[in-house]
Student: 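The structure is given below, and queries will be raised subsequently.
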Amino acid sequence: MNKLQLFAYDNNAYCGFSGSSARAVAGKDILMAIYNEDGSKLIAVSGQQGLTINRSADSIEITSKDTQGGWKSKIAGMKEWSIDNSGIYVVGDESHSLLSQAFENSDPVCVKIINGKTKKGMFGGLAVITDYPLEAPFDDSMTYSITLEGMGALVDLSKNPLDIDTMPEGTDSIKPLTAVSVAGQTVGNTLIYVNPVKEDGNVYKYRSDGEFPAYDEDCSADTQWNGTEEITAATGQKLIIIECDANGKARKACAVTVTAKN
C-alpha cells in the first residue's frame, strides 16, 4: 500500500464511501424507456418527473379452526406489477407518439427501467397502457400521466444481467461486438475472431469471470490481448472480450463460449 493511502480521507473519519448513503440511488437518475415497434431502438420517455414501480401479490386466507391464537393466516397468491409515470408533455416527441399509438391500438409495449447514471438496466417487462390522461391548466405547463400494467413477469435485471445492456439513443453505453472461438494450434488454446475490428487507438482486453463490463468501466486490470494471439482456455468456458480506449475504459464488449484444441 502506498504510504499516502494510509491517510486517505482522514482514515474514513467522515467520508464513509462504504456507507449506505454513498450507495443510495437518486430518483432523478431512474428513467422509464420503451422500445419502438420493431425493437431496434430504445427511447427514454420525454419530460419525465415522477416514476412509481408498483409490485403486489394477492393474499389467500388459509385460516382454519385449529389456527393458533385466533390470528388469521395467509399465503401469497398471484403477483402483478404496474408502473405510474408522469411529467411534462412534449408535443410531437417520438416517445409519446409511440405511447399514443400503442394506447389507441391496444398494443403492448416493451418497457425498461434504467439507471441513467450507472448506465445499467434495473427492470424490464411487457405492459399495456391502461391510463394516459393529459392535463393543460391555464397557469402551468401541459403534463401527462400514464399507467402501464404488466403482462407476465417484471424481470429484475440486476439479478438477471444482460450481456448487452441497451441504453436509450443519445446515452453513452457499451456497444456490442461479435466473436467466434475456434480450436487453436496448441492443445488447450483457442483462437478468437472479433467483428468489427477495433478502432484505431483502442486495445483489446479479456476476462474469464463472466462479468460483463459497463460503459466507461476501468478495465486496466483485465488481461491484454492483441486480437490475434491464441488464448489458453477450456472448451465451454465463457470469455468476455472487451474493446477499450487508450485509457483502458470499456467501449465495446461481447461474450464468447470457448472451443479449445483437445
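Since the model is a prediction, treat every value here as computed from it, not as a measurement.
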Student: Drop me the distance from C219's SG to N247's CG, to the nearest 0.5 angstrom.
Tutor: 12.0 Å
Student: Say you draw a straight line from OG1 of T118 to CG of D165; how long is it, rounded to the nearest 0.5 Å?
Tutor: 8.5 Å
Student: For residues P168 and I114, determine if any side-chain heavy atom of one lies less than 4.5 Å from a side-chain heavy atom of the other.
Tutor: yes
Student: Please determine whether residues M32 and F103 belong to a single hydrophobic cluster, defined as Ile, Leu, Val, Met, Phe, Trp and Tyr linked transitively by side-chain heavy-atom distances below 4.5 Å.
Tutor: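 Per the 4.5 Å side-chain linkage, M32 and F103 are co-clustered.
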Student: What I'd like to find out is whether the side chain of L51 reaches to under 4.5 Å of the side chain of I113, using heavy atoms alone.
Tutor: yes
Student: Under 4.5 Å between any side-chain heavy atoms of Y144 and V45, yes or no?
Tutor: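 Yes, at least one pair of side-chain atoms sits under 4.5 Å.
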Student: Checking L177 now: which residues fulfil side-chain contact (heavy atoms from CB on, under 4.5 Å) with it, not counting sequence neighbours?
Tutor: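 Partners of L177 by the side-chain contact (heavy atoms from CB on, under 4.5 Å) criterion, ordered by chain and then number, come out as V194, P196, E243, K252, C254.
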Student: Is the backbone of T166 close enough, under 3.5 Å, to the side chain of K112 for a donor and an acceptor to pair up by distance?
Tutor: yes
Student: To the nearest 0.5 Å, how far apart are CD in E199 and CG in D245?
Tutor: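 CG of D245 is found 10.0 Å from CD of E199.
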Student: State yes or no: do L154 and M151 share one hydrophobic cluster built from I, L, V, M, F, W and Y residues joined by side-chain heavy-atom distances below 4.5 Å, directly or via other members?
Tutor: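 Hydrophobic grouping puts L154 apart from M151.
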Student: My understanding is that only one of K205, R207, K249 makes a salt bridge (charged side-chain N to carboxylate O under 4.0 Å, His left out) with D222; could you say which?
Tutor: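 It is R207; the other options fail the test.
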Student: Could you tell me which non-hydrogen atom of P133 sits nearest to which non-hydrogen atom of D131, and how far apart they are?
Tutor: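 Distance-wise, the nearest heavy atoms are CD-C, 3.6 Å.
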Student: Could you walk me through whether V258 and L239 pass the side chain to side chain contact (heavy atoms under 4.5 Å, CB included) check?
Tutor: CA-CA 7 Å; V258 169; L239 296 180; 3.7 Å; yes
Student: State yes or no: do I88 and V91 share one hydrophobic cluster built from I, L, V, M, F, W and Y residues joined by side-chain heavy-atom distances below 4.5 Å, directly or via other members?
Tutor: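 Hydrophobic grouping puts I88 apart from V91.
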Student: So do the side chains of S86 and T143 get within less than 4.5 Å of each other, counting heavy atoms only?
Tutor: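 With C-beta onward as the side chain, the pair stays apart.
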Student: Considering non-hydrogen atoms only, spot the tightest contact between D38 and S40 and give its length.
Tutor: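 It is OD1-OG, 2.6 Å.
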Student: Please round to the nearest 0.5 Å and tell me the distance separating atom NZ of K117 and atom CG of L31.
Tutor: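 Reported to 0.5 Å precision, the distance equals 13.5 Å.
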Student: Check step by step if side chain to side chain contact (heavy atoms under 4.5 Å, CB included) holds for M122 and L157.
Tutor: CA-CA 5 Å; M122 298 180 67; L157 299 178; 5.8 Å; no
Student: For residues A246 and N202, report the shortest heavy-atom separation together with the two atoms involved.
Tutor: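 The pair with the smallest heavy-atom distance is N-OD1, 4.4 Å.
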Student: So Q48 and N85, do their side chains get closer than 4.5 Å, heavy atoms only?
Tutor: yes
Student: Tell me whether W81 contacts the main-chain N or O of G152 through its side chain, where contact means a donor paired with an acceptor under 3.5 Å.
Tutor: yes
Student: Please confirm whether the backbone N or O of S73 pairs with a side-chain atom of T63, one donor and one acceptor, at under 3.5 Å?
Tutor: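 Side chain of T63 to backbone of S73: a pair is present.
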Student: Parallel, tilted or perpendicular, judged at 30° and 60°: which one describes the rings of W225 and Y204?
Tutor: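 Answer is tilted, since the angle falls between 30° and 60°.
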Student: What distance separates E149 CD from S82 OG, expressed to the nearest 0.5 Å?
Tutor: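 Spacing of CD (E149) from OG (S82) equals 6.0 Å.
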Student: Report yes if the side chains of V111 and L126 come closer than 4.5 Å at any heavy-atom pair, otherwise no.
Tutor: no
Student: Work out which heavy atom in S100 is nearest to a heavy atom in Y132; give both atom names and the distance.
Tutor: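 Here S100 and Y132 meet closest at OG-CE2, 3.6 Å.
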Student: Roughly how far apart are I129 CD1 and I146 CD1, rounded to 0.5 Å?
Tutor: 4.0 Å
Student: I242 versus Y206: any side-chain heavy-atom pair under 4.5 Å?
Tutor: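 With C-beta onward as the side chain, the pair stays apart.
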Student: Are side-chain heavy atoms of D84 and N54 found at a separation under 4.5 Å?
Tutor: yes
Student: Count the heavy atoms of every other residue, nucleotide or ligand shown that sit under 6.0 Å from CD of E37, and state whether that count exceeds 12.
Tutor: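 No, CD of E37 has 12 or fewer neighbouring heavy atoms, counting only those of other groups under 6.0 Å.
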Student: Could you tell me whether N226 atom CG has more than 12 heavy atoms of other residues or ligands within 6.0 Å of it?
Tutor: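 More than 12 within 6.0 Å, yes.
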Student: Does D200 have more than 12 heavy atoms from other residues, nucleotides or ligands lying within 6.0 Å of its CG?
Tutor: no
Student: Say whether, by atom type as modelled, one donor and one acceptor occur between the side chain of H96 and the main chain of Y89 under 3.5 angstrom.
Tutor: no
Student: Enumerate, atom names and distances included, each donor-acceptor pair closer than 3.5 Å involving a side-chain atom of residues 182-193, sequence neighbours excluded.
Tutor:
unit_1, atom_1, unit_2, atom_2, d
N189, OD1, T232, OG1, 2.9
N189, ND2, E230, OE1, 3.1
T190, OG1, S181, OG, 2.5
T190, OG1, V182, O, 3.0
T190, OG1, T259, O, 3.0

Student: Looking at S95 and S46, what are the two nearest heavy atoms and their distance?
Tutor: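 Looking at all heavy atoms of both residues, the shortest contact is OG-N, 3.1 Å.
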Student: Under 4.5 Å between side-chain heavy atoms, counting indirect links through other Ile/Leu/Val/Met/Phe/Trp/Tyr residues: same cluster for I240 and V203 or not?
Tutor: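 Not linked; separate clusters.
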Student: Do D216 and R251 sit within salt-bridge range, that is, some charged N less than 4.0 Å from a carboxylate O?
Tutor: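 Salt bridge: yes.
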Student: Hey, quick one: are Y35 and L99 part of the same hydrophobic cluster, counting side-chain heavy atoms closer than 4.5 Å, chains of contacts allowed?
Tutor: no
Student: Where is the tightest heavy-atom contact between M142 and A136, given as atom of each residue plus distance?
Tutor: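 M142 and A136 have their closest heavy atoms at CG-CB, 4.2 Å.
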